[in-house]
Amino acid sequence: MINVWSFGGGTQSTAIAALVIQGRLPKPEFAIIADTGRETRTTWDYLEKVTGPALLAFGIQLHRVSANDFGYNGMGLFNRSDTLLIPAFTSLGEDGGKLSGYCSRWWKSDVAENYLSRAHGITRSKFCSWIGYGKDEQIRWARCMRGDDYKAGRIRLPLVIDVPLSRHECQKLIESMGWPVPAPKSRCWMCPNQSDSEWRSLPRDEFQKAVQLEKEIQRTDPHAWLHKSMIPLSDVDFTQPDDLFNRPCDSGNCFL
């Protein structure tokens, strides 16, 4: 089984990089980061300055794979049945709600799988995908362990099984390498799962792109919103303290 590391660009992925370099995890045959075309600039800055050079010096090429080239519908926001792919908030119904998120699969895991198949002839049955859930993310890794891919040996959880580490322990490991801890979290600039502090941290140009993207989404679904307040993103008061409502998507590989 070929080891394929699904690199997310965040704290857990950086900790896995440290463990590989330290020899505490084996060197994977492939390391892939899917480029959705909408990641925050800080994600790529950290990769180019810290993780990328460190891995390359260790003999690991991190493949940056474009969702536009290897996604099923490129970076389109809706699938063919006009289902919105991101976990936006909806004002439909008496109290509104939250839509399901499909973006991690469409723009990340499927992109990596298509790349391996088309560019290298490696089908899903031939590789084991490394996913960087930490040991403290029990809901995520427990769900993963119940799936057929995990049971068939096609998923590996290095920070749960091989070297169990919590997010805090990952941060300590990164610091022990002399690297800065990735901050803020790796994510897309329009992600509805961002906290208000993460929205505030976006550079003005990325925030404005999110404002325009929301308008684009609403041409197809006028009830969809990028912020839990369900008002135009440009009108949101981001000065309020963060609450516990928004959590990283627990169905995919974002924020890792």
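Along the sequence shown, residues carry numbers from 1.
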So, is the end of the Arg38 side chain (NZ or CZ) under 6.0 Å from the ring centre of Trp107 and within 45° of the ring's axis? yes
Within 45 degrees of the axis of the six-membered ring of Trp189 and under 6.0 Å from its centre: does Arg41 put its NZ or CZ there? no
Kindly state whether the ring of His227 and the ring of Phe238 have centres lying under 6.0 angstrom apart. yes
Stepwise, does the salt bridge (Lys or Arg N to Asp or Glu O under 4.0 Å) test hold for Arg154 with Asp148? CA-CA 8 Å; Arg154 293 191 292 267; Asp148 291 339; over 6 Å; no
Report the relative orientation of the aromatic rings in His120 and His63; use parallel for angles under 30°, tilted for 30 to 60°, perpendicular for over 60°. perpendicular
Write down the atom of Ala34, the atom of Glu39, and the distance for their closest heavy-atom approach. O-OE2, 3.2 Å
Of Asp82, Leu84, Leu85, which meets side-chain contact (heavy atoms from CB on, under 4.5 Å) against Leu77? Leu84
Please report the shortest heavy-atom distance between Ile174 and Tyr46, naming the atom on each side. CG2-OH, 4.0 Å
Check which hydrophobic residues are tied to Phe127 through side-chain heavy-atom contacts below 4.5 Å, counting indirect links as well, and list them. Ile2, Val4, Phe30, Ile32, Val65, Phe70, Val111, Tyr115, Leu116, Ile122
Quick one: do Trp225 and Ser91 satisfy side-chain hydrogen bond (donor to acceptor under 3.5 Å, both in side chains)? Show the steps, please. CA-CA 8 Å; Trp225 307 89; Ser91 52; 3.2 Å; yes
Going by atom types alone, do Asn68 and Ser66 pair a side-chain donor with an acceptor below 3.5 Å? no
side-chain contact (heavy atoms from CB on, under 4.5 Å) partner of Leu173, chosen from Val163, Leu165, Leu159: Leu165
Under the rule for side-chain hydrogen bond (donor to acceptor under 3.5 Å, both in side chains), what residues qualify as partners of Thr83, not counting sequence neighbours? Ser81
Using a distance-only test with no angle check, is there a side-chain donor-acceptor pair under 3.5 angstrom linking Lys228 and Asn193? no
Between Glu169 and Lys135, does any NZ, NE, NH1 or NH2 come within less than 4.0 Å of an OD or OE carboxylate oxygen? yes
What do you reckon, is NZ of Lys27 surrounded by more than 12 foreign heavy atoms closer than 6.0 Å? yes
